[in-house]
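For reference, the structure is listed below as structure tokens.
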Amino acid sequence: MTNHTPLLIIGTGFAGIGLATKLKRRGYDDFIMIERADDVGGTWRDNRYPGAACDVPSHLYSYSFALKSDWSRVFAPAPEIWEYIRQCARDEGLMPHIHFNTTLLEASWDEPSALWRVVTSNGEYTADVVVTAMGHLADEKYPAIEGIESFTGEKFHSARWDHDAQLDGKRIAVVGSGASAVQIIPEMAKIAGQLVVFQRSAPYVIPRPDRAYTEAEKRRFARDPESMEALRSEMFWGMENNYAQRRAIPRSIHEAYKVANGHREAQVSDPEILAKVTPDYEIGCKRVLISDVYYPALQAPNVHIEAAALEKVDGKTLISTAGNVYEVDAVIFATGFEAIEPPFAPLIHGRGGQSLSEYWSQGMQALDSTTVTGFPNLFIMNGPNTGLGHNSVIFVIESQIDYIDGALQYMSERGATVLEARPEAEAEYVDAVSDRAAGTVWLNGGCKNWYVDYRTNRLTVTWPDFAYAFRDSNGEFVPEHYLTA
Amino acid sequence: MGVVLTKEPVDEGELVVDGASVRFYDSRESRGSRNPIVLIHGTTGSTAVHFGFLFPMLATRQRVVSIDLGQPTGELTIDSFRRQVEAVIDRVLPDESITLLGYSLGAVVAATVAAARPEKIENLILVAGWAKTDAQQVLRNNVWNALYASGDKDALAQFTVFCAFGHPFVGARTMLELEPAIAAVNVTEFGVAQMRVNRDIDIVDRLGAITANTLVIGCQFDQMVPNRHSLDLFGAIENARYTEIPSGHAVVFERPAELHKHVDNFAADPRRYPAGIRIPAVKP
Ligand SMILES: Cc1cc2nc3c(=O)[nH]c(=O)nc-3n(C[C@H](O)[C@H](O)[C@H](O)COP(=O)(O)OP(=O)(O)OC[C@H]3O[C@@H](n4cnc5c(N)ncnc54)[C@H](O)[C@@H]3O)c2cc1C
């Protein structure tokens with residue numbers, strides 16, 4: 001039996017739940033959501049490694065339409081963020097809409113009937129409109145390492161933490177030194193017999209102004225919600241200031257170096273370690289990380305930092321590209337996610353059967369970062385040029401929610417059954433994004449990052465401007481950009 | 001000249017007006033169809049100090065010219081500054097209609113230029129400006145002068161920071177964190193002369209001559225030029241719209257990105273909001 005729905009939303013992270021909330025609140029209720037896991041939460045359901053937390057303050061990294069007065073800390077731990085999303089889904093009455101344990105396998109545009117045919121692990125659907133909210137950091141990435149299958153100990157990815165693994169007192173390797181790694185390493189340093197960190201390239205790390213909120217503060221936020229909004233605004237614009245670093249503005253970059261170099265030099269006394277953790281590229285080219293406990297952990301007596309990538313594995317022996325050899329019992333991959341070529345792209349087939357990954361063979365692109373020519377009635381959340389290195393992704397998600405909601409309203413007002421990005425509008429948008437990207441540190445900073453497509457050197461993951469400019473550009477549906485039928 | 005505003009060097013030049021050396025910076029590249037924007041700094045400021053964020057960020061989108069005001073040989077008045085700005089505009093942008101932005105005392109100057117040259121100044125942005133000095137400003141000016149005369153530089157610097165930044169900004173920081181701001185306060189003879197000009201500003205009668213599309217930006221927690229002055233400008237200038245930033249007078253340090261957003265949006269499309277409107281803040 002095929003389920004038909006006017007609207008199918010795939011994914012129940014911040015993006016899917018946010019969109020469904022907005023629709024439900026305006027009385028639009030006829031939609032189905034599918035989710036491959038058995039609960040909502042996306043990133044925050046999956047990333048449950050020790051030390052996991054957001055690195056944008058929680059009063060900002062949350063929905064503007066569901067402020068929470070009792071965040072426990074400035075940077076809430078992952079379980080609290082997960083519970084927040086679950087609570088939102090329950091409060092907004094979304095749970096009955098969600099089909100769990102339902103993985104998208106294929107979605108194809110049926111031209112004659114003007115609808116999407118969607119095949120899942122749990123049956124088939126047809127939908128007039130499909131929204132993908134499958135995340136940009138949802139599918140873990142493993143580096144190609146020779147002999148990794150021969151490893152006989154525990155091994156897992158940071159986003160698929162094995163909570164049954166016995167790690168206490170063991171010899172542990174952490175592969176990677178990105179945002180997840182700097183949270184995991186201090187926790188592993190506490191319990192490992194020996195810990196080795198494989199660092200391909202050193203990150204810039206700045207102080208993390210974390211603290212618990214007092215009961216009095218929480219009550220003040222509850223009693224005076226305006227002060228929560230003022231704090232949120234202050235946090236947002238404070239983070240926006242940092243965009244100037246990505247444009248290599250001298251005043252900002254100077255301040256950024258002062259903070260990062262000062263933190264490193266204040267925290268690292270051993271000259272050998274200092275040399276290893278000193279980055280060799282321009283600040284901001286990769287994500288600037290926040291931690292007060294990372295550098296101290298690297299200097300613990302049971303911790304060793306290997307300033308080289310993991311190259312080979314043989315049984316329990318790990319060999320770095322520098323030729324150094326380590327015996328370990330467990331390997332933790334903190335090696336990031338598939339962002340440049342999203343795993344959902346080969347599953348989605350538009351006009352003429354062309355897949356999104358074929359259409360994107362030269363890198364992801366979309367009109368207003370949301371829709372794609374040849375893929376009618378499809379909206380993509382957190383897709384091409386939506387990532388932010390300097391501010392909250394939820395600001396982008398909420399902008400896209402408004403855009404998609406506007407499109408849905410437009411379609412129903414006009415009685416339009418087909419809405420498709422005009423090719424010239426998409427091309428113009430892509431050019432405009434390239435113009436914005438020119439001169440940013442991601443393209444010029446002398447590092448290898450996961451924001452730039454390796455095939456074309458185009459910046460396809462990150463939004464290359466202030467966050468406010470994303471909303472100015474893409475926060476409102478523009479009918480003139482579309483063909484309708 | 002040791003002023004590094006952007007990664008790529010900008011053009012620099014100098015003019016002498018009434019014996020004053022007036023420096024200017026020009027990013028040249030137009031990058032699209034916006035009018036060039038001209039920036040005028042505030043009391044005791046300069047391009048580097050007040051526009052270290054705004055100049056290079058705006059220059060990624062449009063041509064930017066900025067002026068370092070100078071001290072004339074004769075008496076310093078608001079019209080000395082007006083002549084300096086007009087001279088730079090006529091030299092650097094003789095044929096273009098321009099968007100003129102002034103901050104603090106620079107906003108007073110900008111308003112006088114816009115009143116004198118309505119055909120030239122198509123769009124006007126007044127950030128934390130005022131039209132007529134009031135008793136609250138004179139009180140602060142008196143205390144400032146007394147501290148200056150006492151020779152207690154540290155007290156003068158602390159008083160300046162106390163007045164310049166908004167209370168939420170200062171209150172959220174430790175004394176240690178405020179030290180760099182205090183240490184950065186540096187008063188010159190020229191600064192003293194500007195403080196004298198600030199004491200008796202009155203350009204109320206000129207505001208009626210301003211025809212430019214005007215954006216007035218007030219700072220909610222401003223203790224130097226309380227934002228009622230911005231609301232007065234909003235009322236006095238016919239073609240004005242208004243917006244507010246939750247910062248102190250030192251908005252160029254406290255909330256540079258938010259200031260940039262309003263300037264950027266207005267420069268791109270000055271008439272997007274009609275005159276008489278309060279432009280809402282972004283709700284992040
Ligand atoms: C450890 C970590 C920390 C982060 N911290 C921050 C931060 O501090 N600030 C910030 O702004 N951003 C942060 N991010 C980025 C974060 O991913 C986004 O902020 C946001 O959570 C993305 O939401 P989403 O709904 O788009 O995607 P996700 O949360 O990834 O949700 C996607 C959902 O789609 C489901 N799905 C995927 N494929 C399929 C399929 N084929 N079929 C069915 N369902 C599918 C997934 O199971 C998942 O539930 C962080 C990311 C990580 C990994």
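Please read all numbers here as calculations on a predicted model, not as lab measurements. These numbers come from the heavy atoms of this one structure, side chains and all, not from hydrogens, waters or symmetry mates.
Of all residues in residues 248-267 of chain A, those placing a non-hydrogen atom less than 4.5 angstrom from a non-hydrogen atom of chain B are A248(A), I249(A), P250(A), R251(A), S252(A). Within residues 247-255 of chain B, the residues having any heavy atom under 4.5 Å from a heavy atom of chain A are, by residue number, V252(B), F253(B), E254(B), R255(B).
Of the candidates N385(A), D431(A), D465(A), R436(A) forms a side chain to side chain donor-acceptor pair (under 3.5 Å) with just one, namely D465(A). For the pairing with Y429(A), the side chain to side chain donor-acceptor pair (under 3.5 Å) check across S473(A), S369(A), S434(A) returns one residue only, S369(A).
No other option in Y468(A), F236(A), Y243(A), F395(A) has as many heavy-atom pairs under 4.5 Å with chain B as Y468(A).
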Contacts table for residues 270-279 of chain B: side-chain donor-acceptor under 3.5 angstrom, sequence neighbours left out:
| unit_1 | atom_1 | unit_2 | atom_2 | d |
| --- | --- | --- | --- | --- |
| R271(B) | NH1 | N213(B) | OD1 | 3.4 |
| R278(B) | NH2 | E244(B) | OE1 | 3.4 |

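Between E229(A) and K283(B) there is a salt bridge, with a side-chain nitrogen of the basic residue lying less than 4.0 Å from a carboxylate oxygen of the acidic one. Using a 4.0 Å cut-off between charged nitrogen and carboxylate oxygen, R287(A) and D55(A) count as a salt-bridge pair. Of the charged side-chain nitrogens involved, at least one lies within less than 4.0 Å of a carboxylate oxygen, so that R211(A) and E217(A) count as a salt-bridged pair.
For N241(A), the parts sitting under 4.5 Å from any heavy atom of chain B are the backbone and the side chain alike. Contact of R31(B) with chain A is not made at all, since no heavy-atom distance falls under 4.5 Å. Heavy atoms of E234(A) lying under 4.5 Å from chain B belong to its backbone as well as its side chain.
Summarising the geometry, atom OH belonging to Y63(A) is positioned 9.0 Å from atom CD belonging to E92(A); distances are rounded to the nearest 0.5 Å.
In F162(B), the CZ atom is not crowded: 12 or fewer heavy atoms of neighbouring residues, nucleotides or ligands sit closer than 6.0 Å.
Residues S72(A) and Y213(A) have side chains not in contact (no heavy-atom distance under 4.5 Å, counting atoms from C-beta outward).
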Take D11(B) and R28(B) through the test salt bridge (charged side-chain N to carboxylate O under 4.0 Å, His left out) and record every step on the way to the result.
CA-CA 7 Å; D11(B) 277 12; R28(B) 307 277 319 169; 3.7 Å; yes
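Remark: E428(A) pairs with no residue by the side chain to side chain contact (heavy atoms under 4.5 Å, CB included) rule, at least two apart or across chains.
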